Every structure is written in C-alpha cells, then in structure tokens.
Amino acid sequence: MTATPRTAILICAGLAFLLAMLAAVSLQPLGGMSAALAALRAASPANAAVAELLLSQSWWPRLVLALLAGGGLALAGELLQLLLRNPLASAATLGISSGASVALMLATLFAPSLLAQGREWAAMLGAGLTLALVFRLSWRHGLDPLVLIVVGMTLNLLLGGLSIVLLLFNHEALSGLLIWGAGSLAQQGWDGVRFLAPRLLICVLCLLPLLRPLRLATLDDVTLHGLGLPVRHLRLIGLGIAVFLAGSLVSGVGVIGFVGLAAPNIMKLAGAPRLASRLPLSMLFGALLLACADQLVQAYASEVSAFVPTGAVTAALGVPLLLWLLTRLRLPTAPGAAGDARMPFQHGAARGMAWLGVLLLLALLLALSFGQLLHGWHWQAPFGSNSLQWRLPRVIAAGCGGVLLALSGTILQRLTGNPLASPELLGVSSGSAIALLLGVFLLRQPGYLALSGMALLGAGAALLLILASNRRNRYSPQGILLTGIALGALYEALRSLLLADGDPRGQQVTAWLSGSTYYASASMSWLLLALVAAALPLAAATSRWQDLFPLGQPTVHALGVPVHKARVAMLLIAAASSALATLVVGPLSFVGLIAPHMARALGFRRAREQLTAAALMGAIVMILADWMGRQILFPQEVPAGLMASLAGGSYFLWQIRRWR
C-alpha cells in the first residue's frame, strides 16, 4: 500500500499523543495538568509555592524550548538536504554543529568578551567556516553526496579531537560547557525560549518568499537556469539560513544530533514528498520527537538522581532510526564519485622496506633519546636506565597500536574494495570504545585482559552490524559509511552521558580513550609486542585472499577461494587488531585509514608487501605522534591518539582534493 500524506499526519498525531501521556506522568508529582495550567496563567511567581515555581520556571520553559529546538533542527536539516540534494545531509553529519561547538569553546577560553555581543555569532562563525571547508574540499567532485558526508564526518572527528584536547587542558573552565555541549534543555526561566523563538521566527519568515523556488531545487542546475531561477543566490540564502539556525541552536541548547537528519527523511518516507506539506510536517515531527525524548530523559533522571543530557539520549535513540533509514534511502552516486575513487598513487618501483626500517629506527632513537625536561631540551643515551624504564614502554605501546590499526585498515580496504574503509570511519573502533566504556563503568576493577575481551566483543559486534545493515544494498560505500556515522554517534552519546554524570572515572577514561600512552606499563607493552608478532603472520597468511577480493566475489569463488570462510577470517583479524589498538591509541587516530594509502603511495601494491609497509608506516606515525604530544605543550601532554588524529585527518582531507 502506497503511503499518503495522511500517514505522515498520523505519525505526528501518534507522537503528540505519546507526548501528552509522558507529560501527564511527569506532572503527577507536581499536581497534574490542572496545576500546570494554573502555574502558566499565574501573573507573579515570586510568592508561589515550590511546585508552582517548578512548573512555571522549569517544566513549561523546558517543554517549549524542546519544541522550538526540534522544529529548528528539522528545518535546518530539510534545507540542507534539499539544497544539496543529499538525503544524508544535516548539521550533525556535515560537521556544522561540531564547528559551532568548538568555536564557542575557543571563544570561552580566549575571547570571552565576544560572547557578550551574542554567543550565536561565535557559533555561526564556527558553523559557517566548517560548511565552507566542506564545500571547498568537495566542490571538485560536484558536491557528490558521498564525498560531502565523508568530508563532514572527517571534520566531525577532527573537531571532536580538538574539543577533547581543549577539555583535557581546561577542564575546570569548560566543565559547564561539557554538560551544555551534550545537549541540555534544563531551564531555570524563560531566557532560553526568549533567545531561540525570535531567531526561529526570523528564519521562517525569510523562507516564506523562497518556498516556490525551493520546490524546484531538486532539479539539476541546467534546468533551473533555463527556468530563470538564480540558483547560486538561492543556494547561498538557503544555506545561510541553515547555518544561522545551526549556530543559534548550538549556542542555545548545545549539540543535539539526528533530529535534523531523521525528521525530513521520515516524513518523505511516510508519504509527504511535496515540499509544501513536508516542511511543516518535518518541523512538527522534529519538535514532537525532541519533546518526547526530553520527557523520557526527565523521567529517567528522576529515577537515578543523575543528570542526563537530552542531546546524548536523542543521539542514542537515533542510531536504530538511522540504521532503519539505511535500508530504505536511495543514495545516488554520480559517476566518478568517491565510492569508486582511487588515490593517484605513484607507479614507480618501491625503494624497499629498508628505507621504512631506517625511518622506524630513527623514530625510535628520537623518542627514546631526545625530549624536554624542566631545564630545557635534553639528549640522553637511548638505552639508559631512564629511557628503558619510562620511555620504552610508551614507545612500544604506541608503535604496536599503529601496527595493529594499519593491519586492520589494510584488510578492510582490500576486503571491501573501498579506499575509505578503516576501523575509524566504519565504526569498528567506535564499537570497541563503546564496549570499553561499558566495561570500565559496569565491571568491578576490570583488568587488561577483561578490557581486551570487551573491546574484541565490541569490535566484532560492530562488524556484524555493518554486514547485517548493508547486505541489502550490497555493501555500498554510502551505506557502510552511514553505519559508521551511527556507531560513532552512539559512542559520542555514551561518552557524553558518562562524563556529564560527574563520575570521577570519566576524566581518566577520556584521557585513556583519547589515545594516551601514559598508563602503558612494561608488562602491557611486552604483551602488545607479542600480540603484534602473532597478528603479522596471521594477516600475511590471508594475503592471497586480499589480492583476489577486489576482483569481485564471482571471480574469487571461481578461483576456488572459500568466500564466506575467507571473509570471516579476515574480518576477525581486522576486528581483533582494531580492538587491541583501541586499548592503546583510542578510537580516533586515523592511522588505519592513512597507513595503507601511504604504503600504496610508496609503490607497495601486492597485499603482503602493503601489509608490511603499512605496519611499518603505522608504527612510525604513532611513535612520532606520541613523541610530539609529549613535547609540543610541555609540561602538559597531548595524547598520542589525538595527535595522530589531528595530523592524519588533515592529511586525509588534503588527499580528498586529489581523488579522481
């Protein structure tokens, strides 16, 4: 049965009914709906009772703010998806919200006077610069949907790493922003509503004259020019409104994900393909969805007596929704899009593994011998007692983490035939991090072996989810990356929930998952070295399969390869390598993405040679990242995983411009 606009209306009506039921439950301790209406009509709350004050200055403002924020997020998502012709576009997936959040953090630390002029302007600046960078990097590919999302997701990871660096070094100054940044709708008055309502109204009024040309925005640019529409001006105005909305929302309520992505797509799937009906229905659906999530948050928080950020819960609830959309959305890919892209690798003969071995030896000598002390730079014997006791375990741990990520990334890229595949972007590392977080907070005094097992289970579950979610679309690059977005968002939501709760373990876990080798011990380092020694021959044993899999499954099967067993074996090696690496360098290092590309750029194309070269390159990158993290802000320390993430993500974005 074909869906009609009535289906979309019924969905919104069902959400409205659910909101009414949740509101009735939350109002029971405060006197019920009659007391809420009476508190809303009260002229002066100064002499009111406690229950009446809670209703008039907290419950009602929070509900109205949730409705406004949900409607604004849906409107921004609708504009981005319409103008970019990309069903995956939203303020969250394009990095706009993260850019606004980081801009506010930087303004709070270094230019607080700017916030006195209006915090939305700082957020708008960050959001606008992020969107401009996304366009700059993807313009050469005609704003292809996959390239846009890959660039946006990469910027999300980079900005997330930058925010963690700022948080680690300025925890006290940013403690309030930490709770707010997770998406807090908690109110103590109507100031938030007064801030957001006029800005949302201005955006709606600016859009009214544009509704007619926006209805034709899905047509190609040549047709629009033929109809006499100013395509460039229309797109700039629409995107400007979306950026203004994103900046206002982030500065008002923090980062709340998935509403802007889900609302337009669900209304479209529910039978509202026309813009005239879909736009108000999307705003209504987004408003009701966020309000329902917030009512659930309030009910949960009252049970556990803990602060629960609405944005984090909304993201966690949105992951199943995004995976459901994955099997139903049509993700167009233009010819020459990123899904079939190949890096312009050099075809000259490789100079040999010896050069990489020399570089690794030099990196080891640098990390063990040269560094800063309290009285300045210092050189010491690389095998002296101090180096062997304090520096060697960290160097071994960093190098082993780089090797394991490089092996995992190489296997995944060859197995999927996708140059974007890596444990970081596909969500494998996020699955490990989720399991690690749960292990730290649920298990009593978990040891290294217990956490290793949890990380392995998380990586395996993530791979199974990737395979199950993308089987229907034949493991397309778009679908696989969308699954990675979902798992990454789930990890961020869980991390925000645990950090916002104020648990003292949160700070240690943040430093750990950011990739710090500070906690590396001698026994842990030698154990990692033994695991690497076992992983290398296992990965090399599958090199023939890795050479054949890019040829396609029918060809591989015709050559006598047990396709299913070979795929499972390679996935297990990739999952185990990624899980063990996450214990050391965190989930966001980018080494698993860039090391295989760098190995191929040096001329190593056969699987066995690429595995070895990528492993050496991964070790070099992580050892240098760990050394630079200890020196760049001495005596403070930037975790190795974050250093590798900032450097590797920047390198990857630069390489995107060179795709064919």
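A quick note: this is a predicted structure, and the numbers were derived from the prediction, not measured. Along the sequence shown, residues are numbered consecutively beginning with 1.
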W59 pairs by side chain to side chain contact (heavy atoms under 4.5 Å, CB included) with which of L53, L54, L27?
L27
Test applied, side chain to side chain contact (heavy atoms under 4.5 Å, CB included); reference residue, L73; option that passes from L261, V253, L249, L245
L249
Applying side-chain hydrogen bond (donor to acceptor under 3.5 Å, both in side chains), name anything that partners [X], two or more places apart in sequence or on another chain.
X: T154; answer: none
X: W60; answer: none
X: S97; answer: none
X: S163; answer: none

With [X], which residues qualify under side-chain contact (heavy atoms from CB on, under 4.5 Å), at least two apart?
X: V243; value: A127, L131
X: A291; value: L19, L63, A66, L67
X: L15; value: L18, F285, L288, L289, C292
X: L125; value: L129

Working to the nearest 0.5 angstrom, can you tell me the gap between [X] [atom1] and [Y] [atom2]?
X: L290; Y: Q295; atom1: CG; atom2: CD; answer: 10.5 Å
X: L75; Y: L207; atom1: CG; atom2: CG; answer: 5.5 Å
X: L201; Y: L196; atom1: CG; atom2: CG; answer: 11.0 Å
X: L166; Y: T108; atom1: CG; atom2: OG1; answer: 10.0 Å
X: L155; Y: L133; atom1: CG; atom2: CG; answer: 5.0 Å
X: L65; Y: W190; atom1: CG; atom2: CH2; answer: 10.0 Å

Measure from the side-chain N and O atoms of [X] to the backbone N and O of [Y], and report whether any donor-acceptor pair falls under 3.5 Å.
X: N156; Y: L94; answer: no
X: S98; Y: G95; answer: no
X: Q81; Y: A89; answer: yes

Residue pairs fulfilling salt bridge (charged side-chain N to carboxylate O under 4.0 Å, His left out) with at least one residue in residues 13-34, sequence neighbours excluded
none
Pair listing, salt bridge (charged side-chain N to carboxylate O under 4.0 Å, His left out) test, anchored in residues 285-295, at least two apart
R62-D294
Kindly indicate, with the supporting measurements, whether the criterion side-chain contact (heavy atoms from CB on, under 4.5 Å) is fulfilled by C206 and L210.
CA-CA 8 Å; C206 291; L210 302 177; 6.0 Å; no
Which pair of heavy atoms, one from [X] and one from [Y], lies closest together, and at what distance?
X: A263; Y: S282; value: CB-O, 3.7 Å
X: L200; Y: G72; value: CD1-CA, 3.8 Å
X: I96; Y: T130; value: N-CG2, 4.2 Å
X: F195; Y: S248; value: CE2-O, 3.4 Å
X: L159; Y: G99; value: CD1-N, 3.5 Å
X: A103; Y: A122; value: CB-O, 3.3 Å

Side chains of S90 and T93 only: does a donor on one sit below 3.5 Å from an acceptor on the other?
yes
Per the side-chain hydrogen bond (donor to acceptor under 3.5 Å, both in side chains) rule, what does the pair list look like for residues 193-205, sequence neighbours excluded?
E120-R199, D191-R194
Using side-chain heavy atoms (C-beta onward) and a distance below 4.5 Å, is I11 in contact with M267?
yes
Would you call F135 and L239 a side-chain contact if the rule is heavy atoms closer than 4.5 Å?
yes
